[in-house]
Amino acid sequence: MGESKYLFVEHERPFKYEEDGLNVTRGSAWSGPGCHLGCGVLLYTDAEGKLVKVEGDPENPYNQGRLCPRCLALPEVTNHEDRLKYPMKRAKEDRGQNKWTRITWDEAFDTIERELKDIKQKYGPETVLFMQGTGRDIAPYITRLCWSYGSPNFSLFLSGAACYVPRVIGLAGTFGAFLVPDCSQVHPDRYDNPEYVIPEVIFVWGNNCVVSNSDGFFGHWVVDLMQRGSKIVVIDPRVTWLSSRAALHLRVRPGTDAALALGMLNVIISEELYDYDFVDKWCYGFDELAQRVKEYPVEKVAEITWIPEEKIVAAARMLATSKPAALQWGVAVDMTKEAIPAGQSISTLFAITGNIEVPGGMIVPPEILKYVGGWGKDLLPDDAYTKRIGQDRYPLFASEAQPDCIVEQLETSEPYKIRAAWIQTSNFLACMAADPQRLFNAMKDLDFIAYVDIFMTPTAMALADIVLPAATYPERNGIRLGDGAQRGETINKVTSIGECKSDMEINLELGRRLNPEAWPWDTVEEMFTFLLQDDTGMTFEELQEQAPAYPPFQYRRHEKGLLRKDGQLGFNTATGRIELWSTFYSNVGLDPLPYFEEPTPGPGSTPELLEEYPLVLTTGARNWSMFHSEHRQIKRMRALHPDPIVEVNPKTLEKFGIADGGYVWVENQYGRAKRKVRATEAVDERMCSTDHAWWLPEGDPDKLYSVFDLNINNLVQWSPGKSGFGSNYKTALCRIYPVNESE
Ligand SMILES: Nc1nc2c(c(=O)[nH]1)N[C@H]1C(S)=C(S)[C@@H](COP(=O)(O)OP(=O)(O)OC[C@H]3O[C@@H](n4cnc5c(=O)[nH]c(N)nc54)[C@H](O)[C@@H]3O)O[C@H]1N2
Ligand SMILES: Nc1nc2c(c(=O)[nH]1)N[C@H]1C(S)=C(S)[C@@H](COP(=O)(O)OP(=O)(O)OC[C@H]3O[C@@H](n4cnc5c(=O)[nH]c(N)nc54)[C@H](O)[C@@H]3O)O[C@H]1N2
Ligand code: SF4
Ligand SMILES: [Mo]
C-alpha cells in the first residue's frame, strides 16, 4: 500500500483469525438485513462456512464493541429457510398470485436484458423507473444502472422524499454543506482526542437515536457523552428512554417543530442571547430573520405546540448559554409537509448561537467519495435529463425524479407513459408508499417489473414478473465511504446461501449487458477499487485489511478557506455566509426565511374534523427489533414486538370505552389500519402513536400477507410540501374503534 493520507487504528488482530475452532472475520454491517450504519462486527463461521455468531468489534472506534439485537440476530436472518434462494418468474397475468417458477440466473438476466432493451427501443429509456428503498450501500450502483441505461428516472416511492434528503437539501441551501453533531466520531481516538470538547448540551430533536441509530449516528454516543457530563434536551411527543433522562423534555404536538424552533429563535433574539460576533462575521440576513421571528411570540407558540411557555423559554436559554451545543435530529423533521422550513428553523438556532464548526458543536462531515448523491450522472445524455419526472415543478430535486410526480404520471401517462420498473431494496407497498392501494393500482398494469430482495415480500407478490435473490451482508463484499459514514469501511464475504448474488454483482452483470462501456469491470472488487483509488489510493483488498479508514479532519474550516472550492473564507453559499435568508430558496421562488405552516389536516388547520377524528396521529417510531418491514419472520425479533400496535393514553381509552390489548381500527378520511392497543402514559391524551411497515410473512400470499389491512400509510396521502420535499407521514388526525369479530 502506498502512502495514504487516511488515519487508521492499530489492530491487535489481523482481519481474519481463528478462535475456538471458528473462523473470525472483521468487517462492518451494512444492509441487508436492515440498518445502514456500518457498525464494526466480527463474523464467526464454522468449518462448513456457515455463519454461526456475530459480535461487536471492540477494536472499531465507531461502536466500540456494542451491537443492537438486529445485528446479534444476523445468523437467523442469513440462514433463514424463507430466504429467496434462486431467481423466479411469473406470468404477467398471474401478478398477485403465488405462482412462481424457478429459473436460472441466465434466463433471468436474458429476460431482463431483452425486456429493457425492447422498451428502450420502442418507447425510450425514460419510460423505465429505477426505484430503491432507504439508502443502503447499493444506492450508487442503482443510480449508475439507471443513468447508464439512459433513464433519468431514479427515485424512491416515498412522498416528498421525506427521509433525510429534506434535511440534506435544506442545509445545503442555507449552510452550503451538511452538518452533524460532533460526538468525536471523526477521530479514531474518539473522546480522547486532544482537540475534542464535550458538548455542554445535546438537543435530540424528533429522533429516538438510541433505538434508531440513523444516518451515520450511533445513538449510544449520546449515552457516552451524558456519562461525560453533557445535558440532554429531547423534543419528542412521546416519553422515551432518553427523554426520561433528559434535563428538559419538550412534548411537542406532532408536526409543529417549526413553530417551536421559531419561538425559541424569538426568545434568543429578543433576549439578545445570540452570538453577536459569529452572526456579524459569518451569517447573512439576520435582520430579516429577526423580523420574521417576531411573528412567533412564546404564548402563541405554546398554544400551537402544546408545550408550556416556560419550557420553551428554558430550552432557548439553555441552548444559548451552553457552549458548545449540538443537534441530533431525525426523520420526524422531514415527515411533515413543510419539512424544508422546519429544518431551516431548527438549524438556524445552532447558527446564531455560534455552534458551527467548533469541537463538540455542529461540524461538516468530511466528504470522501464523489458518488455521494449518485454515481454515474455523467453517463446520462443532456436530452435524457430533460425528461426527468417532476423537474419542472420542483427545481430543488437535483438528481432523482420527484416521487409524488411519478405517481401522478403513472396514472395520467402525461407527458409520457411509464412502461416498466426495476425495484431494488424497497418493499414499498408495506413501507414507503403513501396511500399504498393507489400506488398498487397505478403500477399493476406496467409492461414489466423486476424486483430484487432478500425475502419474498407483499410488493413482489403483488407486482413482480421476475424476482432476484439478493445476498445479505455476510454473503458479499462491499465498500462504504462518505454519505454520513464519515469513515471508510468494507463489507466482507464470509458465507453463501443458495444462488443468492449481491446487489452489486447483479447490477454489474446487468450493466455490462445494457451498456458495456459504462461497466468495464470483470468483478465487483475491481469496481470497488476503481471507486477507492481516486480518493484513498487503496485497493479494495488493502482497505479490507486496514478499515476503518478515517479521512483527515480539521475544525473551523470556514476560517481557513477549506469549505469552498474557490478556497475563499466562509461557507459554500452564494454569499459565502450561512444564509439565514436563503438566496438559494429565493432563486427558486420559495420563501427565503423559515416559517411554520399548520399541518393539514390537523387541529390547527381543520378544527371542524376534530369531532369525527379527535386524535392527532404520529406513525413509525422505530423499535429495537425491526428495521421497517423487515424482521417479521425472525422469531427472536418478532418475539420482542409480536403485533402491530397503537399507543394510546389510558384516559383516552377510557373516554372512548376501548380496552387495553384489544384490536382496533385506526382510521381517518383516507383509510384505516388494524392495530393492537397498548395503553401508555407515554403519549398525550390528545394523540396516539403507531408503528409502521407491517405485513404478516406467516399470512396468505394471495392476500398479499394482509398488507392492505395493516399498512398505516392507508391514512397517509401523496402530498408533498411546496418545495416538493416533506410529507405528512408523522402527522394526521384519526379515530380508533374496536375491530368486529368477523373482521
Ligand atoms: N407511516 C410511516 N411510513 C414510513 C415511515 C414512518 O416513519 N412512518 N418511515 C419511512 C422511511 S424513513 C423509510 S426510509 C422507508 C423505508 O422503506 P423501505 O426501504 O422500502 O423499507 P424496508 O422494509 O426496510 O426495505 C425494503 C426491502 O428491502 C429488502 N432489503 C433489505 N436489505 C436488502 C439488500 O441489501 N438488498 C436487497 N435487494 N434488498 C434488501 C428488505 O427485505 C425489504 O423487503 O419507510 C418509510 N415509511
Ligand atoms: N430499529 C430501527 N432502526 C432504524 C429504522 C428502523 O426501521 N428500525 N429505520 C431507519 C431509518 S430509514 C430512519 S429514517 C431512521 C429514523 O429514526 P428516527 O429519526 O429516530 O425516527 P423515528 O423513530 O421514526 O422517530 C423519532 C422520534 O420522533 C418522535 N416524533 C414523532 N412525531 C414527531 C414530531 O412531529 N416531532 C418531533 N419532534 N418528534 C416526533 C417519535 O415519537 C420518535 O420517538 O431510523 C433508522 N433506524
Ligand atoms: S446500529 Fe445496530 S443494527 Fe445497525 S449496524 Fe449498528 S449494531 Fe447493527
Ligand atoms: Mo428513512
Side-chain angles (χ1 to χ4, degrees), residues 28-41 54 56 60 62-63 66-74 77 83-84 131-138 142 156-159 161-165 209-215 217-220 330-332 334-335 423-434 436 451-460 467-473 475-476 478 491 500-504 506-507 617-622 624-633 673 690-695 711-716 727-730 732:
S28 67
W30 295 103
S31 69
C35 197
H36 31 48
L37 205 69
C39 291
V41 284
V54 180
N60 192 310
Y62 194 76
N63 54 315
R66 296 167 289 202
L67 286 186
C68 303
R70 285 167 291 125
C71 263
L72 294 170
L74 177 67
V77 182
R83 285 282 306 280
L84 290 171
M131 307 303 287
Q132 71 162 79
T134 183
R136 300 181 164 96
D137 60 329
I138 177 64
I142 305 181
L156 29 77
F157 277 125
L158 184 68
S159 177
C163 170
Y164 191 50
V165 198
C209 56
V210 289
V211 174
S212 60
N213 297 306
S214 49
D215 310 321
F217 189 91
F218 189 63
H220 223 83
V331 78
D334 307 316
M335 292 206 148
I423 299 160
Q424 196 163 18
T425 82
S426 182
N427 182 9
F428 54 82
L429 290 186
C431 200
M432 280 213 154
Y451 185 96
V452 193
D453 206 299
I454 57 182
F455 284 98
M456 179 51 71
T457 66
T459 306
V467 169
L468 304 179
T472 61
Y473 74 78
E475 296 162 64
R476 65 177 175 86
I491 298 97
C500 297
K501 282 186 195 288
S502 76
D503 288 285
M504 296 74 184
I506 293 170
N507 291 24
L617 171 71
T618 180
T619 71
R622 303 330 188 219
W624 286 110
S625 59
M626 281 156 186
F627 196 84
H628 296 295
S629 70
E630 296 182 46
H631 296 103
R632 301 301 188 286
Q633 61 282 80
T690 159
D691 47 13
H692 74 302
W694 270 95
W695 61 292
N711 194 336
I712 197 64
N713 291 340
N714 291 336
L715 286 75
V716 178
S727 201
N728 287 340
Y729 281 85
K730 285 199 195 290

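Both counts, for ligands and for their atoms, begin at 1 and track the order of listing. For reference, positions follow the sequence shown, starting with 1.
Per-residue contacts place Ala470 under 4.0 angstrom from the following atoms of ligand 1 (heavy atoms of the residue considered): 36 (N), 37 (C), 38 (N). Close contacts of ligand 3 with Cys39, meaning ligand atoms under 4.0 Å from a residue heavy atom, involve 1 (S), 5 (S), 6 (Fe), 7 (S). Less than 4.0 angstrom separates some heavy atom of Gly32 from each of these atoms of ligand 1: 32 (N), 33 (C), 34 (C), 35 (O). Interface of Ile454 with ligand 1, defined as ligand atoms under 4.0 Å from a residue heavy atom, comprises 42 (O). Close approach to Leu67 involves these atoms of ligand 3, each under 4.0 Å from a residue heavy atom: 7 (S). Taking a cut-off of under 4.0 Å to the non-hydrogen atoms of Cys35, the atoms of ligand 3 that pass are 1 (S), 3 (S), 4 (Fe), 5 (S). Interface of Ala29 with ligand 3, defined as ligand atoms under 4.0 Å from a residue heavy atom, comprises 5 (S). Each of the following atoms of ligand 1 lies closer than 4.0 Å to a heavy atom of Thr457: 44 (O). Interface of Ile712 with ligand 1, defined as ligand atoms under 4.0 Å from a residue heavy atom, comprises 1 (N). Contact atoms of ligand 3 toward Asn213: 1 (S) (distance under 4.0 Å to a heavy atom of the residue). Residue-ligand proximity, Arg70 to ligand 3, at heavy-atom distances under 4.0 Å covers atoms 3 (S). Near Phe627, meaning under 4.0 Å from one of its heavy atoms, ligand 1 places the atoms 24 (O).
Of all protein heavy atoms, the one lying nearest to atom 24 (O) of ligand 1 is Arg136 NH2, 2.8 Å. Residue, atom and distance of the protein heavy atom nearest to atom 26 (C) of ligand 1 are Asn427 N, 3.1 Å. Nearest non-hydrogen protein atom to atom 43 (C) of ligand 1 is Asp453 OD2, 3.4 Å. Annotation: atom 19 (O) of ligand 1 to nearest protein heavy atom, Thr134 N, 2.7 Å. Protein heavy atom at the shortest distance from atom 12 (S) of ligand 1 is Arg622 NH2, 3.1 Å. When only non-hydrogen protein atoms are considered, atom 4 (C) of ligand 1 lies nearest to His692 CD2, 3.3 Å. Here the heavy atom of the protein found nearest to atom 13 (C) of ligand 1 is His628 CE1, 3.4 Å. Looking only at heavy atoms of the protein, atom 38 (N) of ligand 1 is closest to Asp503 OD1, 2.9 Å.
Ring pair Tyr62/Phe218 is tilted by interplanar angle, where 30° to 60° counts as tilted.
A donor-acceptor contact under 3.5 angstrom links the side chains of Tyr451 and Thr457, judged on distance only. Residues Asn427 and Glu630 bring no donor and acceptor atom of their side chains to less than 3.5 Å of each other. For the 3.5 Å distance criterion, the side chains of His36 and Thr134 qualify, holding a donor opposite an acceptor.
Here the side chains of His692 and Cys431 are in contact, with some heavy-atom distance below 4.5 Å. Using a 4.5 Å heavy-atom threshold, the side chains of Asn728 and Val716 count as separate. Taking the side chain as every heavy atom from C-beta outward, Ser502 and Tyr473 never approach each other to under 4.5 Å. By the 4.5 Å heavy-atom criterion applied to side chains, Ile423 and Phe428 are counted as neighbours. For the pair Leu67 and Cys39, the minimum side-chain heavy-atom distance is below 4.5 Å. Side-chain contact check for Pro469 versus Cys500: some heavy-atom pair is nearer than 4.5 Å. Between Arg70 and Val77, every side-chain heavy-atom pair lies at or beyond the 4.5 Å cut-off. Side chains of Ile712 and Asp691 form no contact here, defined as non-hydrogen atoms less than 4.5 Å apart.
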Arg476 vs Met504, test: side-chain contact (heavy atoms from CB on, under 4.5 Å). Steps then yes/no.
CA-CA 9 Å; Arg476 65 177 175 86; Met504 296 74 184; 3.4 Å; yes
_I'd like to know whether Phe627 forms a side-chain contact (heavy atoms from CB on, under 4.5 Å) with Ser31, so could you lay out the CA-CA distance, the side-chain angles of the two residues, the decisive distance to 0.1 Å, and finally the verdict._
CA-CA 10 Å; Phe627 196 84; Ser31 69; 5.8 Å; no
| said: Walk me through whether Val331 and Tyr164 qualify under side-chain contact (heavy atoms from CB on, under 4.5 Å). | reply: CA-CA 6 Å; Val331 78; Tyr164 191 50; over 6 Å; no
(request) Check the pair Arg632, Trp695 against side-chain contact (heavy atoms from CB on, under 4.5 Å), reporting the backbone distance first and the verdict last. (result) CA-CA 8 Å; Arg632 301 301 188 286; Trp695 61 292; 4.2 Å; yes
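The proximity of Asn713 to ligand 1, defined as any non-hydrogen pair under 4.0 Å, is limited to the side chain. When heavy-atom distances to ligand 1 are checked against a 4.0 Å cut-off, Ser629 comes that close through both its backbone and its side chain. Residue contacts with ligand 1 for Val331 involve side-chain atoms from C-beta outward but no N, CA, C or O (heavy atoms, distance under 4.0 Å). When non-hydrogen atoms are compared, ligand 1 lies under 4.0 Å from the side chain of Cys163 (C-beta onward) but not from its backbone.
Ligand 1 lies within reach of Lys730, whose nearest heavy atom is under 4.0 Å from it. The shortest heavy-atom distance from Ile138 to ligand 1 is not under 4.0 Å. Taking a 4.0 Å cut-off on heavy atoms, Ser31 registers as neighbouring ligand 1.
At under 3.5 Å, a nitrogen or oxygen of Val452, whether backbone or side chain, sits near a nitrogen or oxygen of ligand 1. At a 3.5 angstrom cut-off on N or O pairs, Cys431 counts as close to ligand 1. Considering both main-chain and side-chain atoms, Ser426 comes within under 3.5 Å of ligand 1 through a nitrogen or oxygen pair. Considering backbone and side-chain N/O atoms, Gln424 never comes within less than 3.5 Å of an N/O atom of ligand 1.
Using a 4.0 Å cut-off between a side-chain N of Lys or Arg and a carboxylate O of Asp or Glu, Arg83 and Asp453 do not qualify as a salt bridge.
The distance from atom 4 (Fe) of ligand 3 to the nearest N/O/S atom of Cys68 is not under 2.8 Å. When distances to atom 6 (Fe) of ligand 3 are checked against a cut-off of 2.8 Å, Cys71 contributes no N, O or S atom below that limit.
Nearest heavy-atom pair, Leu37 versus Asn213, reported as atom, atom and distance to 0.1 Å: CD1-O, 3.1 Å.
Checked by atom type and distance alone, the side chain of Thr425 pairs as donor or acceptor with a backbone atom of Gly133 at under 3.5 Å.
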